[in-house]
Structures are given as C-alpha cells and as structure tokens.
Amino acid sequence: MPDSPSSPRVRFAPSPTGYLHVGGARTALFNWLFARHFGGTFILRIEDTDFERSSEAMVEGILEGMRWIGLDWDEGPFFQSQRLPLYQATAQKLIDSGHAYYCFCTKGELESRRAEGTAAMYDRRCRNLDRAESEKRRLDGKSPAAVRFAVPDGATSWDDAVFGRVEFANAELEDFVLLRSDGIPTYHLSVVADDIDMRLTHILRGADHISNTPKQVLQYSALGAELPIFAHVPLILGPDKTRLSKRHGATSVIAYKDMGIVPEAFRNFLALLGWSPGSKQNPQHKDRETFSSEDLIQLFTLDGISKSNAVFDNDKLAWFNTEYIRAYDSNKLLPLIQIEWQAAEFVPTRTEEEILAAIDFVKPRARSLKDFAGSFRAHFSDDFEYDPAAVTKFLADPSLPSLLQELAARYDVAPDFTEASAEELLRALATEKNIKAGALINGSRVALTGQAVAPSLFAVMAFLGKDRVVQRLNSVDKGHPERSLAGNASQTQSNSLP
RNA sequence: GGCGCCAUGGUGUAACUGGUUAACACGCCGCCCUCUCAAGGCGGAGAGUUCGGGUUCGAUCCCCGAUGGCGCUACCA
C-alpha cells in the first residue's frame, strides 16, 4: 500500500446532527495522526447539507470535542452549506457528460413503488427520457427534478489501504440521487465534489462507508479525477458488540470530559481501538500501552489499522485515566482539577504551594478528576464531608471519639509533630489503652479525611499539620450527624475495639 | 431478503514471507504489605486461534464452505 506519501491531505468530515461521538473522534484522531506523521494537512469539513437535522449548536459541540482531545486542524472548518455552487456545477458536469440525468419521480411516488412492489432499487424510469423533453419539463417549473447518477454496467473496485481489494457489481448499485429536487446535494455528490476540490489524497473514514465507496469511485472516473486512497477504519462497538449508541451510556466525547477523564488518557485509549503500533516495523513497542501524543504521531501508519471491529471497554479507559493522572505533574493537573472544583462549587482554602503538594500526595489513588472535588477534598480544605460507609466501617465504636480526643490532646502538647512522632504517640496510646493500633489508625483516617481510603495515615498527618490534625480529631464527635447515625447502626464489628 | 466486510482468552491487541509452551495490556481471582485500598508488590486462572473440510512434512497464518457479528440497502450523512 502506498502508505508513505510526502504530504498527504486528509479530512475529518462530521455531520452536525449530533455531538462528536466516540467513533467520530477516533476517525478524527486517525486522520490527524496520519497528517501529522507524514507532515500533511488535516482539514475539517462540516457536512451540513441535511438542513433538517443539522444545527449550529452541534457544530460547536463537535469543535469543542476536537479541542478537548487536542486535535487541531490546518484548514477549515469548511461548511458544505456554503459551497452549494460547487456541487451544482459538478452535477451539471455530470449531466453534460451523460453520467447523470434528471429524475422527475417524487419522493412519494418512489416510496409507494417501494412499498408495493419488489422494486427495492430505483427502476431508472427517468434515465431514458428524451433529452429535450426532459429539459422542457424541468424548465417549466411544474415538476421539480432531482439529478441521479447513471450507474454503468460492470463492476467497481478499489484497493483499500486497510481491507485490500474490494469490488462491487454495479448491478447492486442504484442510480443514486446526486442533487435533490431543491438543488441541495446529497452526501454522495458533496463528498466527492469536495474531496476532489480540496485535493484530498487519502480518505480515512469509518467502515460503514465501504458500501458507499463504489458510488464515489464511479463519480471520480466520470469526472476524470484521480482516485484518492481509501482507508476504511473498523467500527467501535458497545460491550454487547452492537453498534455503539446511547444505550451503552456515554457516546459523546464531552461526556467523558464531564466524567473526569483526562484528555490524553482518552486519546491514548482511542488510538488503540482498531490500531496498534505493529511489531514488524516497531518491534520495540510491541508490548507498550501508553503513548504520548508525540509517540502516536511518530508510530502511526495505515498498516497498523486492523480490520475487525473493536469493543469499547470502559475499564480499560479508566485504567488509562489512572495512569495519566498519576504520571502528570501536579501543575499540569491543577488546571484540569480547577475545572472540577468550579463545577462542584468547591473552593480550596490552602495556598497554591500546598495545593500542588496535596495533588501529588493523593493522585496515586485517583481514578478520575472528579476525585479531587470529591473524596480528596479534605486535603484541600477544611470543608469536607464524612463518607457514611467509612464512618460505619471505622468510626462506629462509641469509645472512639474520646480516644481520638485523648490522642489529639497528646499531639497538642507534644514538643514536635512529625510523621515519626505522630506514629509513636499513637502507638503508645494504643498500647496504654490495650487496644489495637489499627483501630485507632483507621478511626483517625476517617476523622482526618472523611474517607476509608487515603494515603498512609501518618503521611496524611504530617501533610495536614498538627493544628488541623488536632482540630479534626477533636471534632469527630460534634456536628457530624452521619457519625451518630452510623453509630446507631452497629452491625459492623470488624474493626471495633476489643 | 440482497450485497459487502470481519472472525485469536470476557475486552483491546501481538505472533517476520506457514514451524512459538499462542505473547502483552485491561478486567477477574488469590497472596503479600497490615494502618485503609479504589494504592503498591507478587502470583494465578482464562484462548490451542468460531466450526467443518482441504493444500502442506507442518497451519492462527493459504483455499473452500458453514455459522455468527457488523455495515450498506433514503431526494440522511
């Protein structure tokens, strides 16, 4: 396959009838990667010729999705709705050269014929209308005419960069509509008119377009244009292996942003859906999973694209997310976290330096950016809540509050407060009271963080500082209804005191 | 229904032009750490490559068929 062009021109051509969905995002990513890898041009084109279903809000949604995953385009966005003359001229060329003809059948007629008979395909009844007669009918304005492509006999084929040679018998193709009777082009016409006009060299798109491709190949030859290289990318399916849809939950890319997914994690995950670095040319990357944007650009080629559909696996996405969050520097994470804080109307009360330190401190346990506005709050502010489950698990014993107060008192008067000294004092108290250190430790953790899961307790103490530790240990008893609530429900015995 | 495409553990992928104990990752299970786990460390189960025929000394890999899945089948894109 000619896979190493000097400066390819590719495009992503979404239709603004919905938000940028996962499949579209992956197609956009592959196009972008391909263009960047070969130093080519990535064009964004909005296919909004379906006025009924297209909307400006959707256009904005798509652009937002593109920006979120970090895909920038070199030309466009072009809007097909603003390029109508090109399509009309192209249709005219096809008519003039005898490759297309006017059709006077109305949509209603077509539908009823289809419903009553076995005429699954258009019967071509207008194809052989007398030229002059046809022209007259059209010009008298009474019968609006659509323009159809006259599919020739024979077969149509192309060498797909992913699937190899694909061939269709022309008999399987109907004389499809190029221009609707209102003069608006259909997809079949506008794609090829634009792809030719924009001098595209490679068409990377979803495999759902394979069946449309022969119709386009036919137009290229009718127009005397050079055929670009087609590379169809397998589709992304839901967990039940049916086409990914709203039924499977989030389908819009922005929904993943809203779930606290880091864009690079999403991009990395997406890149590996239907593509792999390929061990032949890059044996050293055979077992790799995480790739930066630069890595992806360097490694991406068409022959790494697989032919079979891929299933979208949320667990794997979640794993990538934890990997990226963990690997990020806190100052790179901060702006992303701040967005979450704003959304949650949470205002951290500590200094920026402390905040950055806190991010580094807790990020190994983060699964989503949401955690920073949720279960990690106690590290950024004194305004946090006690997780009822954590209270039930570790703070249920009625003797705990006074023990924690005792501990607080000892910390308060201690000459110094370090990770080591905090541990020393706590263990001494446990021994003295003849209770398990673990009970005190776990109880303290909940008192300090509100959570059952957090970093090592003494590290948390050192991080929080003596004053906060003392204050939080003391306040376990008061002002936390959850606690008393949980105290009543004393089924959990696992960590209670002896 | 017709046409097209695809087919490696639950999932994503790997396995040079046919020769491997079929690899890696996610997930799952277990153990360790013991101060928690959604963190970390260690280990394990899980496919003989959808099935059936060929070709071959030898097929995940080539051919044929079946089955299954997906796609297209609009004056949608």
Next on the checklist: Using the C1' atom as the point on both nucleotides, what is the distance between B/C51 and B/G68, in whole Å?
Outcome noted: 10 Å

Next on the checklist: Any base atoms under 4.0 Å from A/Gly206, or only sugar-phosphate, or nothing? Heavy atoms, all strands.
Outcome noted: nothing

Checklist entry - So what does A/His232 touch, heavy atoms closer than 4.0 Å: a base, only the sugar-phosphate, or nothing? => result nothing

Checklist entry - Counting heavy atoms not belonging to A/Asp153, are there more than 12 under 6.0 Å from its CG? => result no

Next on the checklist: Quick check on contacts: within residues 184-194 of chain A, what sits under 4.0 Å from RNA chain B by heavy-atom distance?
Outcome noted: A/Pro185, A/Thr186, A/Tyr187, A/His188

Checklist entry - So what does A/Glu111 touch, heavy atoms closer than 4.0 Å: a base, only the sugar-phosphate, or nothing? => result nothing

Next on the checklist: Please give the distance between the P atoms of B/G48 and B/U60 as a whole number of Å.
Outcome noted: 12 Å

Next on the checklist: So A/Arg45 and A/Met198, do their side chains get closer than 4.5 Å, heavy atoms only?
Outcome noted: yes

Next on the checklist: Does A/Glu60 have more than 12 heavy atoms from other residues, nucleotides or ligands lying within 6.0 Å of its CD?
Outcome noted: yes

Checklist entry - Are A/Glu385 and A/Arg377 close enough for a salt bridge, meaning some N to O gap below 4.0 Å? => result no

Checklist entry - Is the base of B/G71 syn or anti, if syn means a glycosidic angle within 90° of 0? => result anti

Checklist entry - Atom CG of A/Asp303 and atom C1' of B/U17: how far apart are they, to the nearest Å? => result 15 Å

Checklist entry - Quick one: does A/Arg53 reach the base of B/C76 with a side-chain donor-acceptor pair under 3.5 Å? => result yes

Checklist entry - Taking the six-membered ring where the residue is Trp, are the ring centres of A/His188 and A/Phe149 under 6.0 Å apart? => result no

Next on the checklist: Please classify the nucleic acid contact of A/Thr49 as base, sugar-phosphate, or nothing, using heavy-atom distances under 4.0 Å.
Outcome noted: sugar-phosphate

Item to check | Rounded distance (Å) that lies between atom C1' of B/A77 and atom CZ of A/Phe79 | outcome: 16 Å

Next on the checklist: So A/Leu110, base contact, sugar-phosphate only, or nothing? Heavy-atom distance under 4.0 Å.
Outcome noted: base

Checklist entry - A/Phe291 CZ to B/A25 C1': how many Å, rounded? => result 11 Å

Next on the checklist: Which is more 5' along RNA chain B, the nucleotide nearest A/Thr242 or the one nearest A/Asp182? Just name the residue.
Outcome noted: A/Thr242

Item to check | Distance in angstrom units between A/Asp208 CG and B/G71 P, rounded | outcome: 8 Å

Checklist entry - Do the two ring centres, one from A/Phe300 and one from A/Phe30, sit under 6.0 Å apart? => result yes

Item to check | Contact letters for nucleotides 31-41 of chain B, in which S counts primed atoms plus P, OP1 and OP2 and B counts the base, heavy atoms under 4.0 Å | outcome: ----BBBBSS-

Tabulated below should be each protein N or O lying under 3.5 Å from an N or O of nucleotides 3-9 of chain B; please produce it.
unit_1	atom_1	unit_2	atom_2	d
B/C3	O4'	A/Glu172	OE1	3.3

